[in-house]
Amino acid sequence: MLQQTPVVRVIEPLAAWLERWPTPADLAAVPVGEAVRAWGRLGYPRRALRLHACAVVITEEFGGVVPERVDDLLTLPGVGEYTARAVAVFAYGHRHPVVDTNVRRVIARAIDGQADAGPASTNRDLAAMAALLPQDDADARVTNAAIMELGAIVCTARSPKCAECPIADVCAWRADGYPEYRGPARAAQARYEGSDRQVRGLILAELRTSDIPVTRDELEALWPDAAQRERALASLVADGLVVASGSDFTLPQ
DNA sequence: CATCCGTGGGG
DNA sequence: TCCCCAAGGAT
């Protein structure tokens, strides 16, 4: 849920989710469409699909217990370099670098003296964080959490609160007089209004809130551009988020 | 490596 | 209003 989604937006849905499905086996036992429906408006609904698939794999291949080794975690659907290490470190206490967008920004500023991190580079980012970790497992875990939290709360993207920063006295960016970012420009995020993403969102929202199959006529009312509507629908079907039921459509069973 | 994949809040 | 960006991952 936290992947590309602000923490405050996750807290309540997560609590409700865990109350409904306390264990991987509980989630694995229900149709994947239930997970997609319960995902609600969290965004990136493929994550719901993958979380369910993840629960199935954990139940069938790992005895119902979330694995603790990074290489095992990386085999799970929807679990990448960040999530695998976050689980291994924060849930199990192992010693690994954990690099998310906050950590990348703090390192770029405090260590490299840059206003912002460039495009992500997994190997380079993990190595940079690894170099900052204390040897002791428990200390390394706290360091991971602390740097991530520093980036989330103090060393924020827009207006960093340098006056409140506990490491301001050793920050390279501050020492250099806050130079502007030099480097490859971030790829601009595509406009949402009018995008396929928006159309997919509209279609899925309709399916989530309907107890019965949705007809093509109902989908037509959602978006005037037939070609784009069909493209979005086809991509949802290809993703496994939507299933054709006769001439109608439903969430997957 | 670039692009796609939702949604919502804040500057 | 518009733009940015948010505990990323898969292709």
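Lettering follows sequence order; numbering is per chain, from 1.
Counting non-hydrogen atoms under 4.0 angstrom, A/R50 reaches the backbone sugars and phosphates but no base. Using a 4.0 Å heavy-atom distance criterion, A/V79 is classed as a sugar-phosphate-only contact. If you check every strand for non-hydrogen atoms under 4.0 Å, A/T83 touches sugar and phosphate atoms only. Using a 4.0 Å heavy-atom distance criterion, A/P45 is classed as a sugar-phosphate-only contact.
Taking the side-chain contact (heavy atoms from CB on, under 4.5 Å) definition, one finds that A/I11 meets it with A/V7, sequence neighbours left out. By the ring-ring contact (aromatic ring centres under 6.0 Å, His included) test, A/W21 pairs with A/W17, sequence neighbours left out.
In this structure, the OH atom of A/Y44 is 12 Å from the C1' atom of B/dG8, given to the nearest Å. With rounding to whole Å, A/R191 atom CZ is found 18 Å from B/dT3 atom P. Distance CZ (A/R41) to P (B/dG6): 12 Å, rounded to an integer number of Å. In this structure, the CH2 atom of A/W39 is 12 Å from the P atom of B/dG6, given to the nearest Å. In this structure, A/Q189 atom CD and B/dC4 atom P are separated by 11 Å, rounded to whole Å.
For the pair A/R200 and A/D239, the salt-bridge criterion is met [side-chain N within less than 4.0 Å of a carboxylate O].
The side-chain hydrogen bond (donor to acceptor under 3.5 Å, both in side chains) contacts involving residues 61-81 of chain A comprise A/E68-A/H94, A/R69-A/D71, A/E81-A/R85, where partners must be two or more places apart or lie in separate chains.
The separation of C/dA7 from B/dA2, taken at their P atoms, amounts to 23 Å, rounded to a whole angstrom. B/dG6 and C/dT1 are spaced 25 Å apart, taking the P atom of each and rounding to whole Å.
Chain A approaches DNA chain C over the interval C/dC3 to C/dA10, counting the first and last nucleotide 5' to 3' with an atom under 4.0 Å from its heavy atoms.
Less than 4.0 Å separates DNA chain C from at least one heavy atom of each of the following residues of residues 90-108 of chain A: A/D100, A/T101, A/N102, A/R105. Contact check of residues 127-163 of chain A against DNA chain C (heavy atom, cut-off under 4.0 Å) returns A/M148, A/E149, A/A157, A/R158.
Sequence order on DNA chain C of the closest nucleotides to A/L76 and A/V7 puts A/V7 first from the 5' end.
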